[in-house]
Q: 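Quick one: structure below, then a few questions.
Counting from 1, the numbers follow the sequence of the chain as shown. It should be emphasised that the depicted structure is a prediction, and the values quoted were computed from it without experimental measurement.
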Amino acid sequence: MKKLYFSISEVANIIDEEAYTLRYWEKKFPVAKPKKSKAGRRVYTESNIATFQLIKKLIRNEKFTILGTQKILSEKLSNVLNNKLNTNNSDDAVIFTREEFAELIETLQLLILYMKSKK
């Protein structure tokens with residue numbers, strides 16, 4: 001059975017970073033911010049893990065700054081949305097799977113929070 005949610009310590013082990021680094025990145029990259037359980041604990045999805053792996057690659061391997069990494073993540077989100085809109089056959093509707101739509105809503109909410117924090 002595939003695991004749906006991971007703890008911060010599990011994610012830290014998976015991507016080989018410290019938990020405090022993940023918490024810092026969550027502040028700098030709202031798109032990586034996990035949901036919280038009813039008890040207030042962070043619960044990470046595979047999507048969060050993939051985002052952290054990309055952040056790690058850009059910062060640690062490619063030597064981008066935090067601002068540079070934020071810009072790249074923003075461009076990636078824009079490209080995903082544009083590709084989805086451009087590959088749709090209908091002029092009236094964009095078709096998403098339930099999972100794609102849920103992830104899109106979550107990402108947009110985090111992007112809005114990030115933009116509000118910059119004001």
Side-chain angles (χ1 to χ4, degrees):
M1 186 168 158
K2 192 174 181 180
K3 192 167 185 175
L4 297 177
Y5 297 104
F6 301 85
S7 69
I8 192 167
S9 60
E10 290 173 318
V11 176
N13 286 332
I14 290 169
I15 68 166
D16 194 27
E17 287 289 341
E18 297 293 332
Y20 64 83
T21 302
L22 300 182
R23 288 189 290 272
Y24 175 75
W25 285 350
E26 288 171 21
K27 291 178 186 173
K28 295 298 180 180
F29 307 100
V31 71
K33 191 170 186 159
K35 294 179 184 178
K36 293 207 175 179
S37 70
K38 290 180 182 179
R41 293 179 179 254
R42 291 170 170 86
V43 288
Y44 298 87
T45 63
E46 287 187 10
S47 176
N48 295 121
I49 294 170
T51 302
F52 279 125
Q53 288 172 327
L54 176 59
I55 291 168
K56 178 180 178 176
K57 177 184 174 203
L58 293 170
I59 291 174
R60 303 280 191 237
N61 300 346
E62 305 294 329
K63 306 296 183 196
F64 280 93
T65 63
I66 295 291
L67 288 174
T69 304
Q70 288 171 336
K71 183 177 178 183
I72 289 171
L73 290 177
S74 176
E75 289 170 359
K76 280 191 164 292
L77 175 61
S78 178
N79 288 340
V80 167
L81 292 174
N82 285 334
N83 286 341
K84 189 67 174 177
L85 292 172
N86 291 336
T87 58
N88 186 35
N89 294 332
S90 170
D91 291 335
D92 299 327
V94 177
I95 301 169
F96 290 94
T97 65
R98 186 172 289 183
E99 292 80 17
E100 287 174 328
F101 185 72
E103 189 171 342
L104 175 63
I105 294 299
E106 181 180 335
T107 302
L108 289 173
Q109 288 171 337
L110 292 171
L111 187 59
I112 289 167
L113 286 174
Y114 172 72
M115 293 172 82
K116 285 181 178 179
S117 72
K118 289 297 180 181
K119 287 184 178 182

Q: When hydrophobic residues are tied together by side-chain contacts of less than 4.5 Å, even through go-betweens, does Trp25 share a cluster with Val43?
A: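 Shared cluster, no.
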
Q: Do Thr69 and Glu62 have side chains that get closer than 4.5 Å, going by heavy atoms?
A: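 Thr69 vs Glu62: side chains apart.
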
Q: Run the side chain to side chain contact (heavy atoms under 4.5 Å, CB included) test on Tyr5 and Glu10 for me, step by step, so that the C-alpha distance in whole Å, both residues' side-chain angles and the decisive distance to 0.1 Å come before the verdict.
A: CA-CA 10 Å; Tyr5 297 104; Glu10 290 173 318; over 6 Å; no

Q: With distance as the sole test, does Thr51 use its side chain to make a donor-acceptor pair with the main-chain N or O of Ser47 at under 3.5 Å?
A: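 Such a contact is found between Thr51 side chain and Ser47 backbone.
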
Q: Taking atom OG1 of Thr65 and atom CG of Leu58, what is their separation to the nearest 0.5 Å?
A: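 Interatomic distance, Thr65 OG1 to Leu58 CG, rounded to 0.5 Å: 10.0 Å.
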
Q: With a 4.5 Å cut-off on side-chain heavy atoms, are Gln70 and Leu67 touching?
A: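 The answer is yes, as the side chains (C-beta and beyond) meet within the 4.5 Å cut-off.
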
Q: Supply the atom-to-atom distance Thr21 OG1 to Glu26 CD, rounded to the nearest 0.5 angstrom.
A: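 With rounding to 0.5 Å, OG1 (Thr21) is 11.0 Å from CD (Glu26).
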
Q: Under a 3.5 Å threshold, yes or no: a donor from one side chain and an acceptor from the other, between Tyr24 and Glu18?
A: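 Absent: no donor and acceptor within the cut-off.
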
Q: Lys3 and Glu46: which non-hydrogen atoms are nearest, and at how many Å?
A: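 Nearest heavy atoms, Lys3 then Glu46: O-OE2, 4.1 Å.
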
Q: Side chains of Thr45 and Asn48: donor-acceptor distance under 3.5 Å anywhere?
A: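 Side-chain D/A pair, Thr45 to Asn48: present.
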
Q: Can you tell me if Lys56 uses its side chain to pair, donor with acceptor, with the backbone of Ile15 under 3.5 Å?
A: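 Side chain of Lys56 to backbone of Ile15: a pair is present.
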
Q: Which atom pair, heavy atoms only, marks the closest approach of Ala12 to Ala19?
A: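 Taking every non-hydrogen atom into account, CB-N, 4.0 Å.
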
Q: Tell me the closest heavy-atom pair linking Ile55 and Ala32, and the distance in Å.
A: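 Smallest heavy-atom distance, with atoms named: CD1-CB, 4.0 Å.
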
Q: If only side-chain N and O atoms count, and only distance matters, is there a donor-acceptor pair under 3.5 Å linking Ser7 with Ser9?
A: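 Yes, a side-chain donor-acceptor pair sits under 3.5 Å.
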
Q: So do the side chains of Ile59 and Phe29 get within less than 4.5 Å of each other, counting heavy atoms only?
A: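 Ile59 vs Phe29: side chains touch.
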
Q: Any side-chain heavy atom of Ile72 sitting closer than 4.5 Å to one from Leu54?
A: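 Not touching, per the 4.5 Å side-chain cut-off.
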
Q: How many angstroms lie between CZ in Phe52 and CD1 in Ile14, if you round to the nearest 0.5 Å?
A: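 Phe52 atom CZ to Ile14 atom CD1 measures 11.5 Å (nearest 0.5 Å).
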
Q: Just verifying a value: how many Å separate Lys35 NZ and Arg42 CZ, rounded to the nearest 0.5 Å?
A: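 Between Lys35 NZ and Arg42 CZ, I get 15.5 Å after rounding to 0.5 Å.
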
Q: Just verifying a value: how many Å separate Arg41 CZ and Lys36 NZ, rounded to the nearest 0.5 Å?
A: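 NZ of Lys36 is found 11.5 Å from CZ of Arg41.
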
Q: How long is the gap from CD on Glu17 to CD on Gln53, to the nearest 0.5 Å?
A: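 Nearest 0.5 Å value for the CD-CD distance: 11.0 Å.
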
Q: Is there a side-chain contact between Glu75 and Lys71, using heavy atoms and a 4.5 Å cut-off?
A: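 SC-SC contact between Glu75 and Lys71 confirmed.
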
